[in-house]
Amino acid sequence: PVRIKDISDKGIAQALNYSWKALSTKVKKKRLSARERQRQMGLLSGTLDYSGFHQTDLIVEAVFEDLALKQKMVADIEALGEGKIIFASNTSSLPIHKIAEKAQYPEKIIGLHYFSPVEKMPLVEVIPHEKTDAKTIATTVAFAKKQGKVAIVVGDKPGFYVNRILAPYISEALTCLVEGETIENIDKALVQFGFPVGPIQLLDEVGIDIGTKITPILVNEFGERFASPSAVDAVIADDRKGRKNGRGFYLYNQHALPFSLGKNKKRADPMIYRLLQVKPKNQLSASEITERCLLLMLNEAVRCLDENIIQQPRDGDIGAVFGIGFPPFFGGPFRYIDSMGTTKIVDKLNQLTEKYGEKFQPCERLAAMAKLNERFYS
């Protein structure tokens, strides 16, 4: 049984409606019977207070990214459960140890980061902080698996693992855009490489407002290599959130267009170039664009391994394939580095450092491995 708490009846109704639609899609595809849909809907109930919450094993919190609000929820749950309830936060940017800072039972607090759209994305990041106990970690991983998710345990630093390797990849795509490459040229290059969507379309899907919100947090923690070009601020100022409000780097709102895009078609919005004050002129080849975006991601993945954000290369590969659609036939960032050879990857990063600056500097671990021609997998 699942109990939903919201601040309004409208919020509860939306949650129930979302669940009904998701289950109905499965019924339509004959993956679920209508009777099973009714049974599952019968397990859901809603409340505006905490009634019924005292007997919960685990609570998933998904309120706004507001630290004070999350800490207040921790206090509310602790008063109810007296240290028996696991508090799992679905934060994408706030450190878990900060959420647990004022807690009476910090060992019961953990991060449980889902990816959007949740019913389709298989990955979940489980994020213990230094005081989370082993039973809480094991229970949260078991809970995620029961939901049919692939769970990886990652370290409690800004961006965790998936968003941290994704941020420089998207930032470099935006840098290429500001330099004059067209939206289509950039996205096409990465799709040809094997990603399901290009980095700029991905930003539209995630939401430009959400995607760019984590950038200053990462810059503050790890430095300028995470900075996006300042010209992109003009896109945010123009109230472009991406697909969710029909205005992003691509055009989505059929009715507002003087022409038809056709079913499931999209077209890059030429207004973007005016906002960025650039004249589009494709000068880079697909392989040059791919190298610039991809190598930053690979370098950051190795840093995450070095800092114990991930425990082993396998976790990093699973996270990238299931969390951001890294081409599965390459096996993930670490398998890809092995297939190319650490020496070749470091040589390419050094060439890009000479051409584009410090952000491409190979991290220490990668440079050391290249000298010995080492691999991540035996």
Side-chain angles (χ1 to χ4, degrees), residues 125 152-176 179 189-190 193-195 199 214-215 217-229 284-321 323-324 326-327 329-378:
E125 289 179 314
I152 58 167
V153 178
V154 300
D156 182 25
K157 268 196 178 178
F160 310 128
Y161 173 68
V162 172
N163 281 343
R164 178 157 162 198
I165 68 167
L166 188 61
Y169 165 81
I170 289 177
S171 284
E172 194 57 24
L174 293 171
T175 303
C176 291
E179 287 172 6
L190 277 306
F193 179 75
F195 282 91
I214 196 170
T215 306
I217 299 165
L218 292 168
V219 171
N220 189 42
E221 180 76 19
F222 303 114
E224 284 304 305
R225 69 177 186 272
F226 280 95
S228 284
L284 298 173
S285 68
S287 62
E288 285 174 310
I289 294 168
T290 301
E291 270 185 10
R292 281 175 62 174
C293 298
L294 183 71
L295 286 169
L296 284 176
M297 179 190 279
L298 300 179
N299 206 17
E300 207 57 46
V302 179
R303 279 197 185 96
C304 287
L305 183 64
D306 206 32
E307 294 170 24
N308 291 322
I309 300 299
I310 47 171
Q311 298 302 308
Q312 52 189 341
R314 182 178 160 274
D315 289 348
D317 284 343
I318 288 169
V321 170
I324 51 181
F326 191 97
F329 46 85
F330 287 131
F334 295 97
R335 288 271 180 207
Y336 182 75
I337 293 171
D338 275 3
S339 70
M340 296 297 285
T342 44
T343 313
K344 190 175 178 182
I345 296 288
V346 166
D347 284 348
K348 282 184 181 293
L349 280 165
N350 284 328
Q351 286 164 22
L352 289 167
T353 305
E354 281 179 36
K355 204 169 180 182
Y356 299 107
E358 282 299 299
K359 63 183 169 182
F360 285 98
Q361 188 76 44
C363 69
E364 283 179 29
R365 180 162 183 168
L366 200 51
M369 287 177 75
K371 279 180 187 170
L372 301 167
N373 203 17
E374 287 180 338
R375 297 166 59 87
F376 288 102
Y377 291 93
S378 59

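A cation-pi contact, defined as under 6.0 Å to the ring centre and within 45° of the axis, is absent between R314 and F334.
The shortest distance between side-chain heavy atoms of M369 and E364 does not fall below 4.5 Å. Two residues are said to be in side-chain contact when any heavy atoms from C-beta on lie closer than 4.5 Å; E224 and K359 fail this criterion. In this structure the side chain of R164 reaches within 4.5 angstrom of the side chain of C304, judged on heavy atoms. Under the 4.5 Å side-chain criterion, counting only non-hydrogen atoms from C-beta, R225 is not in contact with Q361. Within the 4.5 Å cutoff, no side-chain heavy atoms of R375 are placed close to those of T342. In this structure, I324 and I165 have side chains that are in contact, with non-hydrogen atoms separated by less than 4.5 Å. Contact check for E291 versus K348: side-chain heavy atoms found under the 4.5 Å cut-off. No side-chain heavy atom of D306 sits less than 4.5 Å from a side-chain heavy atom of V302.
Heavy-atom minimum distance, P199 versus A173: CG-CB, 3.5 Å. T343 and A370 get closest at one heavy-atom pair: OG1-O, 3.4 Å. The two residues P313 and L305 make their nearest non-hydrogen contact at N-CD1, 3.9 Å. When all heavy atoms of L174 and S228 are compared, the closest pair comes out as CD1-OG, 4.2 Å. Of all heavy-atom pairs between C363 and N299, the closest is N-OD1, 3.0 Å. Residue P158 comes nearest to I217 through the heavy atom pair CB-CG2, 3.8 Å, listed as atom of the first residue, atom of the second, then distance.
By the salt bridge (charged side-chain N to carboxylate O under 4.0 Å, His left out) test, E125 is found to be paired with no residue, residues two or more places apart in sequence or in another chain being considered. Applying the salt bridge (charged side-chain N to carboxylate O under 4.0 Å, His left out) rule to R292 yields the partners E172, E179; only residues at least two apart in sequence or on another chain are considered.
Looking only at distances, a side-chain donor or acceptor of D338 sits under 3.5 Å from a matching main-chain atom of Y377. Listed for the T353 side chain is a donor-acceptor partner under 3.5 Å among the backbone atoms of F360. For Y161 (side chain) and G319 (main-chain N/O), no donor-acceptor pair under 3.5 Å exists by modelled atom type.
The distance from atom CD of E374 to atom CG of L366, rounded to the nearest 0.5 Å, is 11.0 Å. Annotation: the span from T290 atom OG1 to L284 atom CG amounts to 10.5 Å, rounded to 0.5 Å. Atom CD1 of I152 is separated from atom CD1 of I318 by 7.5 Å, given to the nearest 0.5 angstrom. Taken to the nearest 0.5 Å, the CD1 atom of I309 stands 8.0 Å off from the CG atom of D156. Rounded to the nearest 0.5 angstrom, T175 OG1 and I289 CD1 are separated by 12.0 Å. Interatomic distance, L295 CG to I345 CD1, rounded to the nearest 0.5 Å: 5.5 Å.
The aromatic rings of F222 and F226 are tilted relative to each other, their planes meeting at an angle between 30° and 60°.
Under the 6.0 Å cut-off for aromatic ring centres, Y169 and F195 qualify, their centroids lying closer than that. A centroid separation of 6.0 Å or more is found between the aromatic rings of Y336 and F376.
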